> 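A single structure is presented below for examination.
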Amino acid sequence: NLEALLGTEIRSLRTDTKGVMKEIEGGATKTEQAIGGLCKDFESLHASLESVKKHSEETVTNLQTCLQIEIAKISKQYNTKQLEKMEQQIRTFVTKQFNSSLKSWTMENSDQLK
């Protein structure tokens, strides 16, 4: 009678163990899938950031080119020292605006960057 009871308990433990193992395997599969999804999301975000960086650099270059053209147009009206001072002020302004915009964008998207 004791042997039959022990046999039943052992079979029950084996069944429970198999069930736990299936749950662990299922959890591992889901974890692997989630990590794969996160990797894809990170790669996509990285590509987006690279695109933003490239576009930002192109924008700054274009702004600087436009500023240089405008400065050349008005250079006849100002002496060289005034022109250099104005150009430096404009460059400083553009750089501050760009950095501010980039900082704002980064703060707005900080959750995605983590």
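Any value given below was found using the heavy atoms of this structure, including those in side chains, with hydrogens, waters and symmetry copies removed. Treat the numbers as computed from the prediction; the structure is a model and nothing was measured. Residue numbers start at 1 and run along the sequence shown.
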> Would you indicate whether the side-chain heavy atoms of Lys103 and Asn99 approach each other to under 4.5 Å?
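They are not in side-chain contact.
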> In Å, rounded to the nearest 0.5 Å, how long is the span from OG1 of Thr29 to CD1 of Ile24?
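Taking OG1 in Thr29 and CD1 in Ile24, the distance rounds to 12.0 Å.
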> Out of curiosity, Gln33 CD to Ile35 CD1, how far, rounded to the nearest 0.5 Å?
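Here the interatomic distance stands at 11.0 Å.
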> List the residues meeting side-chain contact (heavy atoms from CB on, under 4.5 Å) with Ile69, not counting sequence neighbours, and say none if there are none.
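Per chain and number, Ile69 pairs via side-chain contact (heavy atoms from CB on, under 4.5 Å) with Thr65, Lys73.
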> Do Ser104 side-chain atoms and Ser100 backbone N/O form a donor-acceptor pair below 3.5 Å?
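Here the side-chain-to-backbone pair exists.
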> Can you confirm whether Glu50 is buried at CD, in the sense that more than 12 heavy atoms of other residues, nucleotides or ligands lie under 6.0 Å from that atom?
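Buried by this count: over 12 neighbours within 6.0 Å.
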> Not counting sequence neighbours, which residues clear side-chain contact (heavy atoms from CB on, under 4.5 Å) with Leu102? List them please.
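Applying side-chain contact (heavy atoms from CB on, under 4.5 Å) to Leu102 gives Phe98, Thr106.
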> Would you please name every residue forming a side-chain contact (heavy atoms from CB on, under 4.5 Å) with Gln64, sequence neighbours left out?
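Gln64 satisfies side-chain contact (heavy atoms from CB on, under 4.5 Å) with Val60, Arg91 once adjacent residues are dropped.
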> In Å, rounded to the nearest 0.5 Å, how long is the span from NZ of Lys40 to OG of Ser44?
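Rounded to the nearest 0.5 Å, the NZ-OG separation comes to 11.5 Å.
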> So Arg11 and Thr8, do their side chains get closer than 4.5 Å, heavy atoms only?
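Result yes, sub-4.5 Å side-chain heavy-atom pair found.
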> Can you measure from CZ (Arg14) to OG (Ser12) and round to the nearest 0.5 angstrom?
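OG of Ser12 is found 11.5 Å from CZ of Arg14.
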> Output all residues satisfying side-chain contact (heavy atoms from CB on, under 4.5 Å) with Thr59, sequence neighbours left out; order by chain, then residue number.
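Thr59: side-chain contact (heavy atoms from CB on, under 4.5 Å) contacts with His55, Leu63.
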> So which residues get pulled into Leu2's cluster when ILVMFWY side chains under 4.5 Å apart are joined, directly or through others?
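Under the 4.5 Å side-chain rule, Leu2 groups with Leu6.
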> Going by the salt bridge (Lys or Arg N to Asp or Glu O under 4.0 Å) test, which pairs reach into residues 23-35, not counting sequence neighbours?
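Of all non-adjacent pairs touching residues 23-35, none passes salt bridge (Lys or Arg N to Asp or Glu O under 4.0 Å).
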> For Leu49 and Leu45, run side-chain contact (heavy atoms from CB on, under 4.5 Å): C-alpha distance rounded to whole Å, both residues' side-chain angles, the deciding distance at 0.1 Å, then the answer.
CA-CA 6 Å; Leu49 288 174; Leu45 179 59; 4.3 Å; yes
> Without swapping roles, check the side chain of Ser51 against the backbone of Ala47 for a donor-acceptor pair under 3.5 Å.
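Not confirmed, Ser51 side chain does not pair with Ala47 backbone.
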> Going from SG on Cys66 to CD1 on Ile71, what distance comes out if it is rounded to the nearest 0.5 angstrom?
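So the gap between those two atoms works out to 11.0 Å.
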